[in-house]
Amino acid sequence: MHLTILIPAILNGLLTGAVYALIALGLTLVYGVLHIINFAHGAMLTAALFAAFFMHKLLGLDPYIAVFILSPAFFALGYALQRFVIGPAAHGSDSNILLVTLGLSVVIENAMLHFFRADTRTIDVPYGFSVVPVAGAYLSVPRLVGFGVAVLVAVLLWALLTRSDTGKAIRAVAKEKLGAELSGIDVSHIYAVTFGLGAACVAIAACLLIPTYYVNPHVGTGFVLVAFTIVVLGGMGSIPGALIGGLFVGVVESLCGLYLGESLGQIGIFLMFILVLLFRPSGLMGERA
Amino acid sequence: MPANPLLKVSGLHAGYGEVEILRGIDLEVGQGDIVAVLGSNGVGKSTLNLALSGIVKARQGTIEFDGHAIHRERPPAIVASGLIHVPEGRRIFPNMSVSDNLDLGSYRRAAKHRAQNRERVFAIFPRLRERATQRAGTLSGGEQQMLAIGRGLMAEPKLIILDEPSLGLSPLLVEEMFGMILRLNKEGLAVLLVEQNVVQSLDIVHRAYILEHGSIVMSGTPDELRSNADLKRAFLGL
């Protein structure tokens with residue numbers, strides 16, 4: 001196939017992949033620390049998309065401004081959910097946490113279905129269809145912004161985890177809970193901070209998506225399925241793995257869409273998922289058990 | 001017995017679920033003291049330590065530390081008060097560097113003196129300085145034990161609980177470890193040494209308690225305990 005088609009497809013794949021990576025980042029962080037898959041991640045993304053949608057619709061706030069309100073708000077929401085709902089309901093058992101997040105996702109999605117109906121909605125922003133030429137391809141400006149912000153968030157998250165005391169405490173709790181408790185780390189606080197960071201990631205992703213995407217009560221599920229693939233591909237709990245895995249999955253999806261037709265683009269992701277599970281179950285950057 | 005003990009445990013009961021492990025423990029550690037709790041596997045030594053650090057809830061009885069009742073406190077508050085527990089099996093953070101492990105020792109307490117305390121730990125354990133940037137999981141067993149104690153020292157403990165520091169070390173390293181614990185105590189640190197290694201522990205402590213089936217069955221100075229016929233038979237194999 002001609003390069004003038006191939007290069008734009010790869011670049012577009014990278015742009016999509018970065019936002020996938022951002023969603024996967026939240027999922028992998030929570031998995032790495034709490035050792036559970038947060039089934040409410042998709043519902044939280046949907047809620048964040050609706051929040052960004054209504055902030056634009058009702059308050060006239062641009063999503064790129066709303067992100068500065070929504071990311072701290074979702075951090076607080078995630079913190080409170082873990083600290084006051086999931087944590088207490090789990091009674092210290094990981095399988096309970098799993099069920100509680102599953103239950104939460106059902107409640108959140110159906111509440112949105114009830115209040116907002118099943119309609120698919122979009123917002124109009126002046127830059128929604130702007131493009132810039134990059135390496136012979138015309139790339140969408142909002143999706144370029146999405147790429148830049150997603151990579152920036154990944155780098156900031158990495159810096160937080162490796163440089164700050166709170167970040168080090170998160171990594172400590174992930175691997176050695178008793179040792180962390182005996183060092184004076186408040187484990188339930190760290191769990192809640194981690195959950196809050198995961199929620200903040202989806203809030204940022206939502207603000208990056210909404211200018212070029214749509215929202216309905218089930219939109220988050222599709223993203224989280226892809227994000228879960230990325231988490232496994234990159235290595236469960238690995239931040240660099242989520243970033244690289246996300247970009248990779250974006251490109252695979254885009255190329256499969258190119259060769260097999262747009263509607264079959266995601267087949268490549270799941271084929272790759274099966275191959276990874278067969279040949280490298282610990283993921284690209286994951287630690288072997 | 002110290003007149004104004006730093007740690008005073010009275011009638012402590014604790015356990016897991018239906019099972020009661022500790023059945024009324026009384027124990028005291030004074031300022032600058034070095035005291036051992038001795039007993040074989042499964043008599044409740046680790047449960048005692050976990051109860052002292054608030055991980056396992058006290059069901060009955062009281063724990064006073066530095067003039068305050070701590071038996072209802074959560075672990076972070078107990079660490080903040082200066083009671084530091086270096087657990088059995090080291091429990092270091094294997095995925096993090098040696099210096100990050102040490103930094104987290106001062107997460108709750110003495111964070112302001114972090115750099116200076118790290119230097120002090122490196123002076124006590126020069127091996128840790130050589131390995132400062134290495135992942136802690138790649139250290140040898142002896143080095144991991146040094147790191148666990150070093151992490152505890154980073155919090156400027158008033159009392160340090162050492163749970164089985166000699167476990168899994170070579171005889172030579174055990175000797176070295178006990179010598180180091182004695183030196184720390186000589187510098188003024190109060191130590192509660194919880195050990196199976198009766199003979200070597202009795203060589204360095206002021207007093208010892210013998211724990212059996214969740215109760216203290218004997219206590220006294222090393223000389224008193226060494227001359228006790230029951231203890232000789234049960235622990236010293238004499």
Side-chain angles (χ1 to χ4, degrees), chain A residues 28-35 83-84 87-88 91-93 96 157-194 234-242 282-283 285-289, chain B residues 16-17 46 49-50 52-56 73-97 99-112 114 133 135-137 144 147-157 160-163:
Chain A
T28 207
L29 187 63
V30 170
Y31 177 82
V33 178
L34 282 82
H35 308 295
R83 187 101 205 215
F84 303 114
H91 297 289
S93 148
N96 287 349
L157 201 56
W158 183 247
L160 173 87
L161 288 175
T162 51
R163 302 255 178 268
S164 74
D165 263 22
T166 302
K168 287 176 189 174
I170 289 175
R171 286 160 61 217
V173 170
K175 281 283 150 66
E176 181 43 71
K177 199 169 131 187
L178 178 60
E181 264 180 308
L182 292 176
S183 304
I185 295 168
D186 186 340
V187 172
S188 37
H189 169 71
I190 291 297
Y191 275 1
V193 167
T194 307
M236 307 284 278
S238 164
I239 302 284
S282 58
M285 319 269 294
E287 288 165 28
R288 280 149 203 268
Chain B
Y16 311 92
S46 289
N49 292 341
L50 293 175
L52 293 177
S53 29
I55 308 266
V56 170
E73 299 281 4
R74 296 185 60 230
I78 293 175
V79 169
S81 71
L83 176 60
I84 306 298
H85 170 185
V86 178
E88 181 187 349
R90 296 109 195 201
R91 302 285 183 171
I92 51 152
F93 309 122
N95 52 332
M96 301 169 71
S97 70
S99 42
D100 279 352
N101 267 268
L102 292 177
D103 285 356
L104 282 175
S106 54
Y107 176 85
R108 181 67 57 188
R109 193 178 146 83
K112 276 187 199 139
R114 181 173 287 176
T133 58
R135 276 162 66 103
Q144 290 191 9
L147 179 58
I149 296 176
R151 183 178 67 186
L153 293 175
M154 290 296 291
E156 299 182 353
I160 194 162
I161 303 175
L162 301 174
D163 193 348

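Just so we're on the same page: letters track the sequence lines, and every chain starts at 1.
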To the nearest 0.5 Å, what is the distance between CG on A:Leu178 and CD on B:Glu88? 10.5 Å
Nearest non-hydrogen partners of A:Gly184 and B:Pro76, listed with the distance: O-CB, 3.7 Å
Toward chain A, the part of B:Ile55 with a non-hydrogen atom under 4.5 Å: side chain
If the condition is side-chain hydrogen bond (donor to acceptor under 3.5 Å, both in side chains), which residues does B:Asp103 pass it with, not counting sequence neighbours? A:Lys168, B:Arg118
Correct closest heavy-atom pair for B:Arg74 and A:Asp186 would be NH2-OD1, 3.0 Å
Bottom line for B:Leu50: the part with an atom under 4.5 Å from chain A's heavy atoms is side chain
Non-hydrogen atoms of chain B under 4.5 Å away: do they reach the side chain of A:Ala180, the backbone, both or neither? both
Testing the basics here: between B:Tyr107 and A:Asp165, what is the closest heavy-atom pair and its distance to 0.1 Å? CE1-O, 3.8 Å
Show every donor-acceptor pair shorter than 3.5 Å between a side-chain atom in residues 150-157 of chain B and any protein atom, with sequence neighbours excluded, or say none if there are none.
from	atom 1	to	atom 2	distance (Å)
B:Arg151	NH1	B:Arg91	O	2.9
B:Arg151	NH2	B:Arg90	O	3.4
B:Arg151	NH2	B:Arg91	O	3.0
B:Glu156	OE2	B:His113	ND1	2.6
B:Glu156	OE2	B:Asn117	ND2	3.0

Which one wins on heavy-atom pair count under 4.5 Å against chain A: B:Val86, B:Asn101, B:Ile92? B:Ile92
So which residue, B:Val79, B:Ile78, B:Leu83, ends up with the most heavy-atom pairs under 4.5 Å with chain A? B:Val79
Identify the heavy atoms of B:Phe93 and A:Ser183 that sit nearest to each other, and give their distance. CZ-OG, 4.0 Å
Euclidean distance, A:Leu182 CG relative to B:Arg108 CZ, rounded to 0.5 Å: 13.0 Å
